[in-house]
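Since the model is a prediction, treat every value here as computed from it, not as a measurement. Keep in mind that the numbers below use all heavy atoms, side chains included, and drop hydrogens, waters and symmetry copies.
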Amino acid sequence: MMSDVYIAGADMIAFGRYPDRAYFQLGAEAALMALDDAGLSIKDMGAVYASSVFNAQSMLGQKMLKEIGQTGVPCINVSNACASGATAVREAFVAIKSGLYDAVIAVGAEQNPRGMLGGAPPFGPPPEGLFGSESMPAVFAEAGMVHAARYGTTVEQFAQVAVKNHHHATMNPKAYYRRETPLEEVLASEIIAEPLTKLMCSANVDGAAAVVLVSERKARELGMGRAVRIRASVLASDPYEPRNPEMFDPNSVTRLAAAQAYEMAGLGPDALDLVELHDCFATAELLHYENLGLCGDGEAGRLIDSGATALGGAIPVNVSGGLLSKGHPIGATGVANIVEIVEHLRGQAGARQVDGARIGLAHVLGFGAAAGVHILEKA
Amino acid sequence: MAADCTVKARPAHRIVRIAEDGRPRIEAYRCENCGAVTDSQTMACRACASRKPPASFGVGRTGKLWSWSVVHRSYPGVAVPFISVIVDLDDGLTLKGTLRGVDTSGLRQGLPVRLVFDDAGGAHDKEGVPYVGFHFVPQGDA
Ligand SMILES: [Zn+2]
């Protein structure tokens with residue numbers, strides 16, 4: 001019988017700017033922290049999964065091992081847009097599930113380029129402005145405007161996501177922005193692409209995070225006290241949508257991954273105690289409330305207004321501060337979301353601890369598209 | 001359109017086709033099995049995986065606004081603000097483009113718009129050949 005898969009170690013470096021350190025050093029540091037957390041050594045790891053977007057072709061994993069020990073094991077470098085980190089964790093999950101390994105590590109590390117992140121120029125004149133906008137803020141603004149047009153969602157409701165997540169980040173010492181931003185300030189900050197202001201866009205930072213995955217046998221050997229069981233590990237690619245790819249659809253791929261994850265875990269959204277979802281922009285968080293089934297279609301505006309998704313509410317979302325304020329080092333994001341859930345399930349999340357958390361969900365969305373959903377449970 | 005009549009202009013966007021007589025048009029592809037419409041000639045249908053390649057068809061120029069964003073900050077050097085829009089063309093293809101000639105207070109889902117070919121901001125390639133692009137205007141406008 002195939003064994004369950006457990007997270008035995010999880011940690012991340014503080015997200016921020018590291019101009020004097022290399023991306024693989026950030027990854028190596030996170031890896032050592034997660035190994036220490038598990039009480040294991042790099043020599044115990046049967047395989048290494050390393051995730052990055054901007055350094056995907058650089059052999060990140062091997063460079064990391066040159067910092068912490070070249071053990072000669074398989075090292076798989078993963079890139080899958082903003083879902084890269086979740087993809088590395090999912091590959092690690094599959095590796096343990098297969099029975100080939102008793103312990104593997106997944107590491108996400110990134111040094112983002114500065115400025116607005118966007119696509120490469122194609123042939124002909126630069127398309128930006130001539131053929132609408134390909135910038136990520138515009139893409140997620142347009143996705144939000146569809147929701148606003150259909151359900152009457154307001155700019156204030158989108159902005160409340162930023163107010164909430166910035167508030168959460170004040171309780172997370174590893175978050176980049178740790179400052180309250182009242183609604184008036186969010187609305188008054190620079191308009192990037194309506195309805196998004198600067199404070200409704202994710203923080204562009206460097207970062208790294210790592211998790212150590214083990215078999216049930218290994219988890220018992222280490223002691224189940226701090227173990228977290230992976231109830232679901234799902235990755236989806238985007239199904240055909242009539243408006244794709246001219247209009248990026250963040251919804252269908254997330255719904256596909258969520259449905260499979262709930263089925264694999266044998267539970268529904270009402271069983272969740274907390275959620276870390278891909279709030280790359282404030283509009284996205286409201287869309288994902290519905291995509292992940294936290295509320296019915298059209299109810300996301302009312303859900304944020306109710307306070308249910310704030311710490312202390314019925315289903316706290318992004319208590320880490322989310323991508324908006326903890327930060328979004330692309331290849332590390334999907335691993336860091338899982339680290340946050342693990343800290344809550346262990347009761348180690350400090351001031352932002354979700355009381356009595358037993359089950360949590362981590363979601364990421366990659367442009368292009370990929371969605372990862374993990375459901376974790378206190379063992 | 002300010003194209004040099006002795007030189008055939010080049011498409012500034014992959015969706016634009018230039019006929020032998022130099023006239024631009026928009027071409028899309030429809031699966032004969034499931035009806036899915038795409039903007040490129042794929043090897044099989046991306047919706048139903050039918051191995052019969054989707055057939056090309058000429059797309060009309062009228063459509064309706066599906067979504068939009070008034071863009072105030074873009075990449076360095078890009079003139080702002082402009083209105084980025086998603087338009088559902090009446091023949092089934094969806095296109096992203098820039099909407100001109102409308103006050104932002106008039107933006108609403110379902111607004112009837114028309115595709116207009118243009119000179120892609122006056123761009124030329126390195127041999128001096130002009131480009132053909134497009135934008136959208138509200139229906140009824142020239
Ligand atoms: Zn088809």
Given 3.5 Å as the limit, does a donor-acceptor pair link the side chain of [X] with the main chain of [Y], or not?
| X | Y | answer |
| --- | --- | --- |
| B:S84 | A:G132 | no |
| B:T98 | A:G129 | yes |
| B:T94 | A:R243 | no |

Using every non-hydrogen atom in the two residues, find where [X] and [Y] come nearest and quote the distance to one decimal.
| X | Y | answer |
| --- | --- | --- |
| A:L130 | B:G121 | CD2-N, 3.8 Å |
| A:A138 | B:V71 | CB-CG2, 4.0 Å |
| A:S135 | B:Y75 | CA-OH, 3.3 Å |
| B:W68 | A:E142 | C-CG, 3.8 Å |

State, with a plain yes or no, whether a side-chain heavy atom of A:I192 is found less than 4.5 Å away from one of B:H72. no
Against chain A, label [X] side chain, backbone, both or neither, depending on which of its atoms sit under 4.5 Å from a heavy atom there.
| X | result |
| --- | --- |
| B:D125 | neither |
| B:A79 | neither |
| B:V78 | side chain |

Find the one option among B:C45, B:A123, B:A36 whose heavy-atom pairs under 4.5 Å with chain A are most numerous. B:A36
Taking every heavy-atom pair that is under 4.5 Å apart, which of B:I83, B:L99, B:D88 has the most such pairs with chain A? B:D88
Distance only, no hydrogens: is a donor on one side chain within 3.5 Å (strictly under) of an acceptor on the other, for B:S69 and A:E194? no
Could you tell me the separation between the OH atom of A:Y240 and the SG atom of B:C31, rounded to the nearest 0.5 Å? 9.0 Å
A:C201 SG to B:R73 CZ distance, which is reported to the nearest 0.5 Å: 8.0 Å
Classify the angle between the aromatic ring planes of B:F134 and A:F131 as parallel (below 30°), tilted (30 to 60°) or perpendicular (above 60°). tilted
[X], [atom1] atom: more than 12 neighbouring heavy atoms under 6.0 Å:
| X | atom1 | answer |
| --- | --- | --- |
| B:R108 | CZ | yes |
| B:R17 | CZ | yes |
| A:E190 | CD | yes |

Indicate yes or no: does A:E134 engage B:K96 in a salt bridge with an N to O separation below 4.0 Å. no
Pick one of side chain, backbone, both or neither for A:E241, based on which atoms fall under 4.5 Å of a heavy atom in chain B. neither
Below 4.5 Å, heavy-atom pairs only: which of A:E128, A:M145, A:M247 has the largest tally toward chain B? A:E128
